[in-house]
Amino acid sequence: MSHRIAVLSNVNLNFVIRMLKKELVAAEPESLVYETAGYGNELGTLLDATSSYEAFRPDITFLIMDLMEVLDHDLSASSDRIERWFSMLEGALHEERLYYISDAFLWGPELEVMQDTDCRKQSEDRWQECLRNLSRERSNVRILPYRRIIEEIGAENAFSFKMWYMGRILHTNEAQKRMVELLLQTIRLQERIPKKVLLLDLDNTLWGGLAGEADHSPVVLSQEHTGLMYKNLQRVITQMQRQGVLLGIVSKNNEKDAMDIIASHPHMVLRPEDFVCKKINWRTKPENIAEIAKELNLGMDSFVFWDDNPAERELVKAALPQVTVPDFPDKPEELPDAMIRIYRQYFEQAAITGEDRQKTRQYAENARRNILKAQAVDFASYLRQLAMEIIRERPEANLERLTQLVNKTNQFNLTTKRYEQSHMQKLLHDTGKRIYLYRVKDCFGDNGIVAAVIVDLAGTAPAIDTFVMSCRVMGRNIENAIVDDIEKELYEEGCLSLQAQYLPTAKNKPVETLFEKLGYTVIQTMETGGKLYEINLADRPEREYYAEWHT
């Protein structure tokens with residue numbers, strides 16, 4: 001995928017821009033990086049409708065700001081200057097573009113002799129507050145973790161007085177290289193489909209030692225020494241879980257011994273309710289992983305398996321090649337850093353939505369739905385007992401979730417078209433398109449926003465261009481209700497027919513015959529195996545779905 005990128009700043013970042021252009025274009029030849037005319041006039045550049053920046057029309061704009069320059073070294077008036085900067089910025093933002101704004105790190109020689117230690121913190125806190133508020137109000141504004149670079153290498157290694165005096169270049173070569181890495185990583189996150197589930201071994205992975213051997217040597221998990229290394233690992237994993245990473249256990253153990261530790265050990269950070277699946281038994285790990293994939297209705301490429309035993313890792317690699325199996329560190333002190341790398345490489349997302357924070361709860365509720373399904377007399381009885389409610393949501397108020405849903409869904413995805421958030425924003429204002437977004441609730445809880453449909457209205461007949469639904473609600477006839485809703489609305493507006501298409505991929509086989517089951521007629525078959533369908537809206541069939549509509 002090609003990108004149009006701009007980097008604006010109030011300090012000289014020409015080296016960063018040149019390096020970014022070299023690296024990005026090498027990986028994506030069609031990508032473009034804006035050649036800025038200078039620095040220090042970032043707001044003027046954004047506000048000027050005739051500027052070269054405006055003619056360039058970037059998809060993503062990075063604003064990397066030095067807070068001391070924003071304040072013009074006047075710390076006594078920091079609040080007013082920061083608020084004025086953000087007020088001007090907000091007036092320059094385009095809805096269809098994506099903006100990353102750096103967080104705050106205040107640096108300057110005068111801070112070294114300042115006795116008022118709260119002054120620096122107050123300025124940084126005010127910037128952070130304004131930035132957080134803007135990112136909450138604007139779904140196309142996100143926070144760039146610039147401060148993390150400075151903290152990782154230290155201010156003494158990040159800033160250079162010599163470079164500053166020579167050419168207003170604030171940062172050292174090392175800091176500028178780190179910035180380029182951060183920008184490239186952020187750009188790639190826009191299109192990457194993250195993994196969904198982290199499967200964990202227990203003994204010598206989440207804790208040191210062996211469960212069930214307490215009479216000889218208790219597990220290593222404490223507030224000091226090696227025990228603290230394992231505890232910090234669990235703290236990292238807990239934060240990942242809170243940001244939408246699903247956790248599972250795949251461990252060869254006596255279940256009671258392991259669960260006693262997870263539920264009762266005073267230094268366990270992760271608890272039983274943090275895991276959506278637990279396979280603690282003596283079966284092979286590939287068997288257990290395959291069973292988990294079936295229970296969660298996820299493809300094997302959704303999983304990352306982490307185990308200290310190299311023989312177990314090799315067995316999973318050989319039996320389940322689509323499962324990602326990272327290396328395990330040699331030393332316990334390397335565990336937290338290793339998990340941080342796993343998160344950034346496989347799970348990190350461009351933005352965390354409310355849906356992500358509810359993932360563990362939603363999958364736990366799914367387990368209860370499966371129990372109800374197994375106990376029901378028949379499928380119709382199961383659907384009636386679920387007491388489903390389907391609610392249409394406003395897509396413009398849920399842009400991040402809409403974009404995420406379209407770009408992450410693979411199985412229930414009729415055409416597998418991908419859209420960056422900036423493109424999706426444009427579609428919201430395109431009169432030739434209509435976007436439908438749906439939430440599903442039932443007797444067990446809120447499944448969240450789980451389905452999206454894009455209808456193209458520009459042709460001779462309206463056509464379903466995109467239809468995606470989360471795999472966790474598949475198999476409940478929700479698609480019947482959604483198609484009925486769309487058909488009814490279009491028919492009431494005077495449309496006589498509706499078209500749709502299916503484009504086959506390696507993963508969307510489950511929906512290959514969806515439209516045929518819904519009463520659509522095949523009007524064209526493509527060489528690739530895809531099909532174009534049409535239905536007469538006046539003669540559309542009644543479909544069972546046992547769900548109520550709520551607005």
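The chain is numbered in sequence order, starting from 1. Here the structure is a predicted model, which means the values were calculated and not measured.
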Please determine, by modelled atom types, if [X] and [Y] share a side-chain donor-acceptor pair under 3.5 angstrom.
X      : Y      : value
Arg188 : Gln185 : no
His429 : Glu95  : yes
Gln501 : Thr415 : no

Can [X] and [Y] be counted as an ion pair, charged N to O under 4.0 angstrom?
X      : Y      : result
Glu365 : Lys441 : no
Arg392 : Glu489 : yes
Arg401 : Glu393 : no
Asp446 : Arg439 : yes
Arg472 : Glu355 : yes
Arg434 : Glu493 : yes
Arg271 : Glu273 : no

Whether the side chain of [X] engages the backbone of [Y] through a donor-acceptor N/O pair (distance < 3.5 Å, no angle test) should be reported.
X      : Y      : value
Glu96  : Ser422 : no
Gln421 : Ser139 : yes
Thr409 : Val406 : no
Asn508 : Phe412 : no
Gln190 : Thr186 : yes
Lys278 : Pro272 : yes
Thr353 : Asp356 : yes
Asn297 : Ala293 : no
Asn407 : Arg418 : no
Trp127 : Ser102 : yes

Within-4.5 Å side-chain heavy-atom neighbours: [X] and [Y]:
X      : Y      : answer
Arg178 : Ile150 : no
Ile535 : Thr521 : no
Ile237 : Leu200 : yes
Ser87  : Glu83  : no
Asp465 : Val455 : no
Pro326 : Val304 : yes
Asp456 : Ile464 : no
Leu428 : Gln425 : yes

Is [X] atom [atom1] crowded by more than 12 heavy atoms from other residues, nucleotides or ligands, each under 6.0 Å away?
X      : atom1 : answer
Lys408 : NZ    : yes
Lys417 : NZ    : yes
Ile523 : CD1   : yes

[atom1]/[X] to [atom2]/[Y] distance, rounded to the nearest 0.5 angstrom?
X      : Y      : atom1 : atom2 : value
Asn536 : Glu487 : CG    : CD    : 10.5 Å
Ser9   : Leu63  : OG    : CG    : 8.5 Å
Arg369 : Gln385 : CZ    : CD    : 13.5 Å
Gln128 : Glu124 : CD    : CD    : 7.5 Å
Glu90  : Asn133 : CD    : CG    : 10.0 Å
Leu144 : Leu183 : CG    : CG    : 6.0 Å

Checklist entry - How far apart are the C-alpha atoms of Glu291 and Lys294, what are their side-chain angles, what is the distance that settles it, and do they pass the salt bridge (charged side-chain N to carboxylate O under 4.0 Å, His left out) test? => result CA-CA 5 Å; Glu291 194 170 290; Lys294 185 176 180 181; over 6 Å; no
Next on the checklist: For Asp103 and Arg148: C-alpha separation, side-chain torsions, deciding distance, then whether salt bridge (charged side-chain N to carboxylate O under 4.0 Å, His left out) applies.
Outcome noted: CA-CA 9 Å; Asp103 53 11; Arg148 187 171 74 198; over 6 Å; no
Provide the closest heavy-atom pair for [X] versus [Y] in the form atom of the first, atom of the second, distance.
X      : Y      : answer
Glu348 : Pro194 : O-CB, 4.2 Å
Gly519 : Pro541 : CA-CG, 4.4 Å
Pro395 : Leu402 : CB-CD2, 4.1 Å
Ala461 : Glu534 : CB-OE2, 4.4 Å
Asp274 : Val269 : OD2-O, 4.1 Å
Leu46  : Ala92  : CB-CB, 3.7 Å

Checklist entry - Between Lys279 and Glu295, does a salt bridge (charged side-chain N to carboxylate O under 4.0 Å, His left out) hold up when you go through it step by step? => result CA-CA 12 Å; Lys279 300 295 178 184; Glu295 290 174 1; 2.8 Å; yes
[options] screened by side-chain contact (heavy atoms from CB on, under 4.5 Å) with [X], the one that passes:
X      : options                        : result
Ile187 : Glu23, Arg192, His3            : His3
Val440 : Ile449, Leu386, Ile391, Asn447 : Asn447
Ile143 : Leu131, Leu134, Ile101         : Leu131

Next on the checklist: My understanding is that only one of Arg142, Arg138, Arg136 makes a salt bridge (charged side-chain N to carboxylate O under 4.0 Å, His left out) with Glu400; could you say which?
Outcome noted: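 The passing option is Arg142.
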Checklist entry - Does Arg4 make a cation-pi contact with Tyr34 (under 6.0 Å, within 45 degrees of the axis)? => result no
Next on the checklist: Students often mix this up, so state it plainly: with edges at 30° and 60°, are the rings of Tyr438 and Tyr436 parallel, tilted or perpendicular?
Outcome noted: parallel
Checklist entry - Lys509 and Glu512: salt bridge (charged side-chain N to carboxylate O under 4.0 Å, His left out), yes or no, with the steps? => result CA-CA 5 Å; Lys509 187 77 173 175; Glu512 182 180 18; 2.8 Å; yes
Item to check | Residue that, paired with Tyr533, satisfies ring pair (Phe, Tyr, Trp, His ring centres under 6.0 Å) out of Phe515, Tyr502, Phe467 | outcome: Phe515
Checklist entry - What residue among Asp484, Asn480, Asn477 forms side-chain hydrogen bond (donor to acceptor under 3.5 Å, both in side chains) with Arg543? => result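 Running side-chain hydrogen bond (donor to acceptor under 3.5 Å, both in side chains) over Asp484, Asn480, Asn477 with Arg543 returns exactly one hit, Asp484.
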